[in-house]
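For reference, the structure is listed below as structure tokens.
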Protein chains: 2
Amino acid sequence: MDHNEQLKLENQLCFSVYACSREITKMYRPYLDQLGLTYPQYLVLLVLWEHHETTVKALGAELYLDSGTLTPLLKRMEEAGLVKRERSKEDERRVMVHLTSEGEELREKASIIPDAMAANSGLSKEEFKKALTGFQQLLDHIHSVNEK
Amino acid sequence: MDHNEQLKLENQLCFSVYACSREITKMYRPYLDQLGLTYPQYLVLLVLWEHHETTVKALGAELYLDSGTLTPLLKRMEEAGLVKRERSKEDERRVMVHLTSEGEELREKASIIPDAMAANSGLSKEEFKKALTGFQQLLDHIHSVNEK
DNA sequence: GAATATTAGGTTGTGCACAATTTAATTTTA
DNA sequence: TAAAATTAAATTGTGCACAACCTAATATTC
């Protein structure tokens with residue numbers, strides 16, 4: 001493989017990830033539309049369904065998003081009645097985010113989504129696992145490079 | 001692997017792709033900033049450096065983007081003096097997009113980018129190839145599912 | 001060749017993403 | 001403990017993404 005070919009490959013890989021990400025979001029859309037959610041909002045709920053309460057900071061660390069993205073997103077979710085935001089009493093710099101009962105209830109309705117997605121992806125369980133392992137390694141590596 | 005575990009895996013894979021895409025864009029940013037480009041603009045240039053001239057429609061098909069995204073993006077690139085947009089004389093529905101000499105010249109300056117990216121990714125050539133193959137398959141599959 | 005359908009782009013409105021800056025609260029240090 | 005540094009969110013501004021809709025040009029059908 002010559003140098004030029006290598007460069008093309010690299011461009012293609014980055015592009016594939018970029019395009020794939022958008023296509024995945026598009027795949028979720030019809031299901032999330034029924035729940036009145038966007039994909040990033042769904043990710044926030046996935047975190048909250050596990051932890052029930054968290055901070056903006058912790059959410060950002062989990063989802064790799066900063067307050068510039070999360071603050072307006074969480075405000076929209078609060079407006080929709082899914083979460084509640086309030087300053088921590090112990091440390092007033094922090095904003096605690098927790099589910100409302102409505103946000104909690106959405107968990108049931110959303111439970112069909114992962115099955116539908118897995119079916120649409122066309123991957124077997126084994127392929128899933130392999131893809132995930134490779135991906136998380138790449139993600140961790142790039143993230144650490146970006147942090148520097 | 002039980003059902004619940006499978007669902008978590010699926011969520012993690014989609015999230016990894018989503019987060020990875022943003023981290024890759026972030027990795028490009030310092031290099032692209034020097035050229036006054038964004039990542040989607042760089043992708044447009046990659047296409048034009050190959051073909052020299054294309055249509056909005058064809059660009060959209062290559063990059064999986066629609067006119068709602070491309071029209072304002074191309075206008076900004078035109079404003080920056082990188083491309084020229086003009087209606088086709090043969091079929092006035094089409095808008096031809098071609099490089100200016102300035103856009104052509106940027107190719108030289110951009111040539112260091114792929115090397116830097118490949119080094120940052122931490123992948124060997126073999127890993128690159130394997131990742132790319134898996135990815136394009138996934139992309140094609142999901143894209144075809146979404147088209148239906 | 002007039003009516004209909006299709007196609008290519010553009011426009012509008014909403015929601016991320018993120019850099020850069022600001023504000024306020026808490027910690028650290030002199 | 002007062003000053004300096006750090007931290008957590010919020011704000012502002014730019015640029016995608018994309019759905020829904022609109023307009024104009026071309027193709028098709030009758």
Side-chain angles (χ1 to χ4, degrees), chain A residues 15 18-30 32-34 36-44 54-61 63-80 82-83 85-97 143 146-147, chain B residues 15 18-30 32-34 36-44 54-61 63-80 82-83 85-97 143 146-147:
Chain A
F15 169 71
Y18 160 77
C20 213
S21 171
R22 287 184 292 119
E23 290 296 321
I24 287 175
T25 304
K26 220 177 280 184
M27 194 165 75
Y28 272 94
R29 197 181 309 275
L32 293 177
D33 273 353
Q34 295 181 323
L37 294 173
T38 64
Y39 184 64
Q41 289 173 10
Y42 174 65
L43 291 178
V44 167
T54 184
T55 64
V56 174
K57 170 86 174 166
L59 256 181
L63 303 180
Y64 295 45
L65 292 170
D66 70 3
S67 68
T69 301
L70 285 174
T71 297
L73 186 155
L74 291 170
K75 280 183 178 174
R76 280 187 289 272
M77 291 180 77
E78 187 169 35
E79 195 115 353
L82 300 174
V83 303
R85 300 154 62 244
E86 33 198 353
R87 291 270 165 195
S88 162
K89 296 238 163 65
E90 299 92 67
D91 183 343
E92 292 200 21
R93 290 172 304 183
R94 294 190 219 176
V95 168
M96 310 304 296
V97 183
H143 186 63
N146 284 340
E147 290 300 87
Chain B
F15 170 72
Y18 161 76
C20 213
S21 172
R22 287 184 293 118
E23 290 297 320
I24 288 175
T25 304
K26 221 176 279 183
M27 194 164 75
Y28 273 94
R29 198 180 309 274
L32 292 177
D33 273 353
Q34 294 182 324
L37 294 174
T38 64
Y39 184 63
Q41 288 172 13
Y42 174 64
L43 292 178
V44 167
T54 182
T55 64
V56 174
K57 168 87 175 168
L59 256 180
L63 303 180
Y64 295 46
L65 292 170
D66 70 3
S67 68
T69 301
L70 286 174
T71 298
L73 187 156
L74 292 170
K75 280 183 178 174
R76 281 187 288 271
M77 292 181 77
E78 187 168 36
E79 196 115 349
L82 301 174
V83 303
R85 301 153 63 244
E86 34 197 353
R87 291 271 165 192
S88 163
K89 297 238 164 65
E90 300 93 65
D91 182 344
E92 291 199 24
R93 290 171 305 181
R94 292 191 218 179
V95 169
M96 309 305 295
V97 183
H143 186 62
N146 284 340
E147 289 300 88

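These values consider heavy atoms only, across backbone and side chains, with no hydrogens, waters or symmetry-generated copies. Note that the structure is a prediction, hence the values are computed from the model and not measured. Below, chain A is the first sequence line, B the second, and so on; all start at residue 1.
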* Asked: Going 5' to 3' on DNA chain C, which nucleotide is the first and which the last to come under 4.0 Å of a heavy atom in chain A?
  ->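 So the contact region on DNA chain C extends C/dG15 to C/dT26.
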Could you tell me the separation between the [atom1] atom of [X] and the [atom2] atom of [N], rounded to a whole number of Å?
X       : N      : atom1 : atom2 : result
A/Arg93 : D/dA8  : CZ    : P     : 6 Å
A/Leu59 : D/dA10 : CG    : P     : 12 Å
A/Lys57 : D/dT6  : NZ    : P     : 14 Å
A/Arg22 : D/dA19 : CZ    : P     : 11 Å
A/Lys75 : D/dA9  : NZ    : P     : 14 Å
A/Tyr18 : D/dC18 : OH    : C1'   : 11 Å

* **Comparing A/Arg94 and A/Pro72 on DNA chain D - which has the more 5′ nearest nucleotide** =>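 This one resolves to A/Arg94.
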* Asked: For DNA chain D, whose closest nucleotide is more 5', that of A/Asp91 or that of A/Lys26?
  ->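 The residue closer to the strand's 5' end, by nearest nucleotide, is A/Asp91.
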Looking at [X] and [Y], what are the two nearest heavy atoms and their distance?
X       : Y       : value
B/Thr54 : B/Leu59 : CG2-CG, 3.8 Å
A/Leu70 : A/Leu65 : CD1-O, 3.9 Å
A/Tyr18 : B/Ser21 : CA-OG, 3.5 Å

* NA contact type, B/Thr55, heavy-atom cut-off 4.0 Å: base, sugar-phosphate, or nothing? ->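 Sugar-phosphate only.
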* Asked: Going by heavy atoms closer than 4.0 Å, what residues in residues 63-71 of chain A are next to DNA chain D?
  ->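 The answer is A/Ser67, A/Gly68, A/Thr71.
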* To do: May I ask you to verify if any side-chain N or O of A/Arg87 is less than 4.0 angstrom from the OP1 or OP2 atom of D/dA8?
  =>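 No, no such contact exists.
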* To do: Count the heavy atoms belonging to other residues, nucleotides or ligands that lie under 6.0 Å from CZ of A/Arg94, then report whether that count exceeds 12.
  =>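 Count not over threshold, so no.
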